[in-house]
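Positions are given from 1, in the same order as the sequence printed here.
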Amino acid sequence: MSWTEKYRPGSFDEVVGNQKVIAEIKEWIKAWKAGKPQKPLLLVGPPGTGKTTLAHIIGKEFSDTLELNASDRRSQDALMRSAGEASATRSLFNHDLKLIILDEVDGIHGNEDRGGVQAINRIIKESRHPMVLTANDPYSKRLQSIKPRCRVLNLRKVHTSSIAAALRRICRAEGIECPDDVLRELAKRSRGDLRSAINDLEAMAEGEERIGEELLKMGEKDATSNLFDAVRAVLKSRDVSKVREAMRVDDDPTLVLEFIAENVPREYEKPNEISRAYDMLSRADIFFGRAVRTRNYTYWRYASELMGPGVALAKDKTYRKFVRYTGSSSFRILGKTRKQRSLRDSVAAKMAGKMHISPKVAISMFPYMEILFENDEMAYDISEFLELRDEEIKLFRKRKIKAPKRKKTPRKAEIKVGPLYSQKKDKGADKSINDKATDKSAKTPIKSSKKDDRPRDESSSSSDDKKPKEKQTSLFQFS
Ligand SMILES: Nc1ncnc2c1ncn2[C@@H]1O[C@H](COP(=O)(O)OP(=O)(O)OP(=O)(O)O)[C@@H](O)[C@H]1O
């Protein structure tokens with residue numbers, strides 16, 4: 001049994017925080033017992049603050065409890081069948097009062113939930129039994145019509161010092177030593193969510209008798225705490241309903257998939273378990289893709305089942321060990337390589353523009369470029385031709401390129417651009433090479449080349465004959 005269940009308060013005295021709300025609840029119960037029917041209670045508050053716990057404690061004050069999860073498949077008929085009958089029929093004696101609990105009435109649902117709000121409103125209207133509803137989001141659209149029919153009690157996040165005190169009690173009961181500052185830090189990180197604080201404590205205390213600062217560092221979390229709770233539930237448990245519950249996080253579900261995928265081999269030990277888990281994840285990924293392609297987001301449900309319960313049941317048994325879960329390394333890698341990738345793309349775009357090839361083909365030519373860039377002159381010419389910046393050049397060569405010493409012949413650089421490539425078309429490119437390749441004497445050759453209206457192939461061939469052929473094996477040889 002998880003610690004959150006083990007230490008779930010059984011009476012109002014054990015509930016931490018929200019004492020004003022508890023006082024109002026007690027009055028509400030008193031009124032019902034005195035034969036004065038009351039509006040249903042709507043407990044609204046952040047997760048892990050004790051709404052469900054309070055509903056169950058209230059249930060103990062009545063003869064019976066009928067609990068419905070409003071997030072489950074419930075249509076108007078289903079709700080009325082199960083709760084409607086019970087709510088409308090009541091004997092004349094108050095000791096027969098049944099508490100109807102509707103948990104998470106602001107849940108997220110698909111089309112089959114049409115009529116759910118209507119059904120809830122109908123039950124509220126017709127019920128002669130006390131009712132407690134719970135919800136997380138006070139601004140949920142679903143609550144708009146329900147709220148006016150209820151007595152709304154807002155639960156606040158549990159105070160850090162109260163959470164620390166609750167954790168201290170659990171440590172004492174479990175025989176675990178933990179310094180106060182560590183407990184306070186844990187409480188602070190839970191941001192008012194006592195359930196998450198207890199879950200963290202349990203994970204950190206696994207197999208330990210003492211929890212110290214060091215362990216606290218290991219368990220450090222960021223804003224993605226809910227996400228880690230989901231990962232922990234999937235990897236640590238084989239309880240399908242617990243896993244499903246934990247999978248309901250605010251984060252992008254594909255991010256949850258990434259985090260689970262990252263941590264599977266940290267938790268699972270047998271190769272066939274790991275293989276089964278990744279099989280489930282890859283199937284889930286297919287459904288995510290399908291959902292995006294077809295915009296039919298009901299596919300998410302399949303994905304969620306596969307990456308949640310599917311991965312959880314991929315293991316033969318649960319492992320009792322402390323595992324440090326980490327975020328997805330694929331994002332870290334993408335983050336680290338972002339600069340490199342943008343350089344790659346900008347060079348590919350330049351090559352594509354000048355060489356009339358696609359960026360993809362350009363990227364496939366990078367290994368050849370590295371070879372070509374080993375030669376100083378070639379490296380100089382190509383980078384001039386492509387107008388590469390220094391950092392782009394570094395993609396192909398680490399050493400600096402020295403400007404080649406050449407004779408001041410006007411045609412030389414033009415020829416190097418290569419007879420295959422149309423010099424008629426790309427005068428701009430030739431010019432830039434001429435400008436720099438011919439160094440200080442650049443002006444003369446450009447002038448002469450501009451005046452020259454003859455096709456370059458012919459004009460260049462005579463002077464070209466005398467030059468070493470090797471220099472003509474330009475960029476375009478490998479295209
Ligand atoms: N105020 C509280 N006092 C004592 N324990 C609490 C309190 N709030 C939460 N807990 C602990 O957290 C567990 C989960 O609490 P509970 O299910 O009542 O939260 P909730 O507010 O209904 O959350 P959710 O909105 O996610 O359903 C409980 O079993 C209990 O161990």
Side-chain angles (χ1 to χ4, degrees), residues 8-9 11-12 15-34 36-62 64-76 78-80 82-84 86-88 90 97-109 113-158 192-195 245 248 250:
R8 190 188 276 276
S11 68
F12 287 122
V15 176
V16 176
N18 287 302
Q19 293 306 311
K20 270 191 193 162
V21 170
I22 292 175
E24 284 196 52
I25 293 174
K26 283 180 176 168
E27 269 181 31
W28 180 84
I29 296 171
K30 217 162 131 188
W32 266 107
K33 286 187 172 172
K36 293 181 209 152
Q38 300 288 304
K39 273 184 169 184
L41 287 182
L42 174 58
L43 305 179
V44 188
T49 46
K51 299 178 295 295
T52 313
T53 305
L54 280 170
H56 285 137
I57 296 172
I58 299 169
K60 287 184 183 172
E61 303 285 335
F62 298 98
D64 203 359
T65 305
L66 180 65
E67 185 175 0
L68 294 165
N69 187 335
S71 296
D72 286 345
R73 38 97 236 148
R74 87 234 77 97
S75 64
Q76 189 154 0
L79 260 177
M80 284 314 289
S82 44
S87 61
R90 187 190 127 196
L97 287 173
K98 282 186 179 118
L99 180 74
I100 299 169
I101 301 176
L102 279 176
D103 217 357
E104 298 176 26
V105 286
D106 57 343
I108 305 156
H109 339 272
D113 186 56
R114 267 192 208 130
V117 174
Q118 275 167 292
I120 292 168
N121 278 325
R122 227 171 99 196
I123 297 166
I124 294 175
K125 219 168 120 194
E126 292 176 12
S127 170
R128 288 194 274 150
H129 289 270
M131 271 181 88
V132 174
L133 295 82
T134 74
N136 284 134
D137 178 8
Y139 308 106
S140 162
K141 269 191 180 172
R142 286 174 59 85
L143 294 184
Q144 269 173 15
S145 62
I146 297 173
K147 263 181 169 177
R149 299 173 193 272
C150 298
R151 180 159 163 195
V152 183
L153 298 181
N154 289 307
L155 276 92
R156 292 180 197 287
K157 289 182 173 182
V158 186
D193 180 343
L194 184 47
R195 177 181 29 220
E245 192 190 328
R248 273 190 253 132
D250 292 337

Which residues pass the side-chain contact (heavy atoms from CB on, under 4.5 Å) test with Ala55, sequence neighbours left out?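 For Ala55, the residues satisfying side-chain contact (heavy atoms from CB on, under 4.5 Å) (neighbours in sequence not counted) are Ile101, Val132.
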Got a sec, which residues hit side-chain contact (heavy atoms from CB on, under 4.5 Å) with Ala31, two or more places apart in sequence or on another chain?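 Counting only residues at least two positions away or on another chain, Ala31 forms a side-chain contact (heavy atoms from CB on, under 4.5 Å) with Lys36, Gln38.
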Rounded to the nearest 0.5 Å, how far does [atom2] of [Y] lie from [atom1] of [X]?
{"X": "Leu99", "Y": "Ile57", "atom1": "CG", "atom2": "CD1", "value": "12.0 Å"}
{"X": "Asp193", "Y": "Lys157", "atom1": "CG", "atom2": "NZ", "value": "8.5 Å"}
{"X": "Leu42", "Y": "Leu143", "atom1": "CG", "atom2": "CG", "value": "6.0 Å"}
{"X": "Glu61", "Y": "Ser11", "atom1": "CD", "atom2": "OG", "value": "10.0 Å"}
{"X": "Ile25", "Y": "Lys20", "atom1": "CD1", "atom2": "NZ", "value": "14.5 Å"}
{"X": "Ile58", "Y": "Trp32", "atom1": "CD1", "atom2": "CH2", "value": "12.5 Å"}

Kindly indicate whether the side chain of [X], heavy atoms from C-beta on, has any atom under 4.5 Å from the side chain of [Y].
{"X": "Leu54", "Y": "Val15", "value": "yes"}
{"X": "Ile124", "Y": "Met131", "value": "yes"}
{"X": "Ile120", "Y": "Leu102", "value": "yes"}

[X] versus [Y], closest heavy-atom pair with distance:
{"X": "Trp28", "Y": "Lys39", "result": "NE1-O, 2.8 Å"}
{"X": "His129", "Y": "Lys98", "result": "ND1-N, 2.9 Å"}
{"X": "Pro9", "Y": "Thr53", "result": "CD-CG2, 3.4 Å"}

For residues 144-156, dump all side-chain donor-acceptor pairs below 3.5 Å to protein atoms at least two apart in sequence or in another chain.
from, atom 1, to, atom 2, distance (Å)
Ser145, OG, Asn121, ND2, 3.0
Lys147, NZ, Pro138, O, 2.8
Arg149, NE, Asn121, OD1, 3.1
Arg151, NH2, Glu24, OE1, 3.4

Apply side-chain contact (heavy atoms from CB on, under 4.5 Å) to Phe12 and Ile29, showing your working. CA-CA 12 Å; Phe12 287 122; Ile29 296 171; 3.9 Å; yes
Any donor-acceptor pair under 3.5 Å from Gln19 side chain to Gly17 backbone: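 A pair under 3.5 Å: yes.
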Show me the donor-acceptor pairs, under 3.5 Å and distance only, between side chains in residues 44-52 and residues at least two apart or in other chains.
from, atom 1, to, atom 2, distance (Å)
Thr49, OG1, Pro46, O, 2.6
Lys51, NZ, Gly45, O, 3.0
Lys51, NZ, Pro46, O, 2.8
Thr52, OG1, Asp103, OD2, 3.4

Set of residues satisfying side-chain hydrogen bond (donor to acceptor under 3.5 Å, both in side chains) with respect to Arg195, sequence neighbours excluded: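 side-chain hydrogen bond (donor to acceptor under 3.5 Å, both in side chains) list for Arg195, sorted by chain: empty.
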